[in-house]
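What follows is one structure encoded as structure tokens, with my remarks underneath.
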Amino acid sequence: MPGFKASATDITLLRLADTSVVTADKLKRHAFRPIDNLNGEESAVGWVGFGNDMEWLAPVELGEWLIWSLRMDRRSIPGPVVNKHLAEAVKEEAAKAEDGKVSRARRKELKELIRSKLLAKAEPVPTVADVALNVHTGLLLVGTKSSGMIEKFMDCFKGAFDCDPAEVRFKENMSELLQALYDNGLQASLDGHDFALSEAGLATLEGVDAEGEKVVITARNDRETVDAGLAKGFGLVRLKVGMVRDGDDSLAWTFTLDGATGCAVLSGVKTPAASGSDDGNPDAALLEKLYLIEQAVGVALELFEQH
């Protein structure tokens with residue numbers, strides 16, 4: 001569950017029109033409640049403190065950022081395990097039946113009983129996504145690219161604050177823009193800095209073959225394969241990007257742009273190393289990391305956002 005402090009993190013981009021709706025009290029009222037001792041519960045979701053997903057803590061306030069996390073716990077049993085126990089139960093009941101058969105209704109009943117019994121013994125598996133809200137700009141960063149986790153986030157956000165963040169979307173011709181980046185690189189200016197973007201050795205193309213079947217090609221450090229796919233009319237749907245600020249190779253980012261998703265996502269964002277601070281402030285490195293993430297996000301929005 002890589003978060004904002006990890007060496008690489010996934011970021012889904014949202015916007016909030018009125019940041020004042022987000023308060024510690026509202027977050028606390030929808031805090032995560034564990035289901036470890038509630039055997040009948042399959043899942044739970046709610047807010048937790050940033051850096052401490054075991055309990056509720058007030059959101060961290062750093063500069064213009066408000067930071068907290070979303071936690072979702074789920075109990076699940078693999079289908080083959082349920083089927084194995086079901087086969088044993090059916091065999092046992094069939095042996096006792098006069099006609100040696102078990103009805104379809106009884107099989108369904110047995111399956112539900114077995115699943116409930118197994119779930120009661122299963123440990124909930126936690127998933128955590130960090131959240132950062134820029135209270136000045138309304139930019140909302142959610143540290144996941146999982147559509148299921150984003151759906152849970154949106155539900156929790158609506159329940160807590162009675163409003164919906166807006167999805168940030170990339171341009172409809174994103175495939176063409178990714179190809180332009182792949183072919184010649186792109187340039188952008190942001191906050192007084194110049195950024196140079198180039199492809200970083202990993203590309204995914206999609207197209208249709210002669211039989212009309214969908215084909216997906218992923219090439220790593222193989223321009224020949226990518227060029228051949230583009231020549232056939234395939235489109236770039238995913239591209240790993242390298243980004244350098246002001247021509248300084250020590251200020252380098254990598255991230256992957258996905259042109260096939262609805263909501264804008266930057267995957268595997270790696271920033272330059274945060275230098276931290278010498279003043280003893282333990283939050284300095286985190287604040288700098290968010291600043292560096294925001295620069296990658298800002299450049300991506302400058303070049304690719306659909307307005």
Side-chain angles (χ1 to χ4, degrees), residues 1-16 19 21-22 26-36 38 41-57 59-60 65-79 119 122-134 138-170 204 237-238 255-270 286 289-290 293-294 296-297 300-301:
M1 296 176 287
F4 295 146
K5 289 184 177 181
S7 61
T9 188
D10 301 324
I11 304 289
T12 295
L13 309 181
L14 305 168
R15 277 203 177 89
L16 187 61
T19 62
V21 301
V22 179
K26 290 178 181 178
L27 285 166
K28 186 176 182 180
R29 286 200 292 270
H30 292 80
F32 174 82
R33 291 174 174 79
I35 56 172
D36 299 71
L38 301 175
E41 296 294 327
E42 291 188 36
S43 65
V45 63
W47 310 119
V48 292
F50 175 76
N52 184 350
D53 56 26
M54 299 303 294
E55 60 183 338
W56 164 252
L57 294 174
V60 176
W65 294 99
L66 197 63
I67 312 160
W68 71 99
S69 300
L70 177 72
R71 174 172 168 177
M72 178 176 69
D73 279 19
R74 288 191 61 200
R75 286 188 172 97
S76 62
I77 307 297
L119 278 172
E123 286 287 331
V125 178
T127 303
V128 177
D130 292 340
V131 182
L133 172 64
N134 187 312
L139 183 65
L140 186 57
L141 310 179
V142 186
T144 181
K145 62 179 179 180
S146 164
S147 58
M149 196 66 171
I150 290 298
E151 183 178 345
K152 292 295 184 183
F153 172 84
M154 298 294 271
D155 289 344
C156 283
F157 203 94
K158 177 70 172 180
F161 310 116
D162 195 30
C163 65
D164 298 305
E167 292 184 347
V168 175
R169 292 189 174 264
F170 288 145
T204 300
V237 296
R238 194 171 297 111
F255 50 87
T256 297
L257 291 168
D258 195 332
T261 58
C263 191
V265 174
L266 273 65
S267 303
V269 180
K270 291 186 177 182
L286 175 59
K289 183 68 177 292
L290 285 172
I293 290 174
E294 189 180 27
V297 168
L301 296 180

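Scope of the values below: all heavy atoms of this structure, side chains included, with no hydrogens, waters or symmetry mates.
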So, taking the atom named [atom1] in [X] and the one named [atom2] in [Y], what distance separates them when rounded to the nearest 0.5 Å?
X      : Y      : atom1 : atom2 : result
Leu66  : Thr19  : CG    : OG1   : 9.0 Å
Leu16  : Asn134 : CG    : CG    : 11.0 Å
Glu151 : Met72  : CD    : CE    : 9.5 Å
Leu13  : Leu301 : CG    : CG    : 5.5 Å

Could you check if a side-chain atom of [X] sits within less than 4.5 angstrom of a side-chain atom of [Y], using non-hydrogen atoms only?
X      : Y      : result
Val131 : Phe153 : yes
Leu70  : Phe32  : no
Cys156 : Val45  : yes
Val128 : Arg71  : yes
Leu133 : Trp68  : yes
Val297 : Phe255 : no

Checklist entry - What residues, two or more places apart in sequence or in another chain, satisfy side-chain hydrogen bond (donor to acceptor under 3.5 Å, both in side chains) together with Thr204? => result Thr218
Item to check | Chi angles and distances behind the side-chain contact (heavy atoms from CB on, under 4.5 Å) call for Leu286, Phe50 | outcome: CA-CA 11 Å; Leu286 175 59; Phe50 175 76; 3.4 Å; yes
Nearest heavy-atom neighbours spanning [X] and [Y]:
X      : Y      : result
Ala8   : Lys270 : CB-CG, 3.6 Å
Gly159 : His30  : O-NE2, 3.1 Å
Gly49  : Ser69  : O-OG, 4.0 Å
Arg74  : Ser43  : CG-CB, 4.0 Å
Phe161 : Val21  : CD2-O, 3.3 Å
Arg169 : Cys263 : NH1-N, 4.0 Å

Checking [X] side chain against [Y] main chain: does a donor-acceptor pair fall under 3.5 Å?
X      : Y      : result
Lys289 : Ala6   : yes
Thr12  : Thr144 : yes
Asp10  : Gly268 : yes
Asp130 : Phe4   : yes

Next on the checklist: Consider side chain to side chain contact (heavy atoms under 4.5 Å, CB included). Of Asp162, Leu14, Val22, which one does Phe157 pass it with?
Outcome noted: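 Considering Asp162, Leu14, Val22, a side chain to side chain contact (heavy atoms under 4.5 Å, CB included) with Phe157 is found only for Val22.
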Checklist entry - If you draw a 6.0 Å radius around NZ in Lys5, do more than 12 non-hydrogen atoms from other residues or ligands fall strictly inside? => result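 Count not over threshold, so no.
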Checklist entry - Among all residues two or more places apart in sequence or in another chain, which pass the salt bridge (Lys or Arg N to Asp or Glu O under 4.0 Å) test with Arg15? => result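 In terms of salt bridge (Lys or Arg N to Asp or Glu O under 4.0 Å), with neighbours along the sequence ignored, Arg15 is linked to Glu305.
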Checklist entry - Who are the salt bridge (Lys or Arg N to Asp or Glu O under 4.0 Å) partners of Asp155, not counting sequence neighbours? => result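 Applying salt bridge (Lys or Arg N to Asp or Glu O under 4.0 Å) to Asp155 gives none.
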Next on the checklist: Checking Leu257 against Leu266 for the side-chain contact (heavy atoms from CB on, under 4.5 Å) test, could you report, in this order, the C-alpha distance in whole Å, the side-chain angles of both residues, the deciding distance, and whether it holds?
Outcome noted: CA-CA 6 Å; Leu257 291 168; Leu266 273 65; 4.2 Å; yes
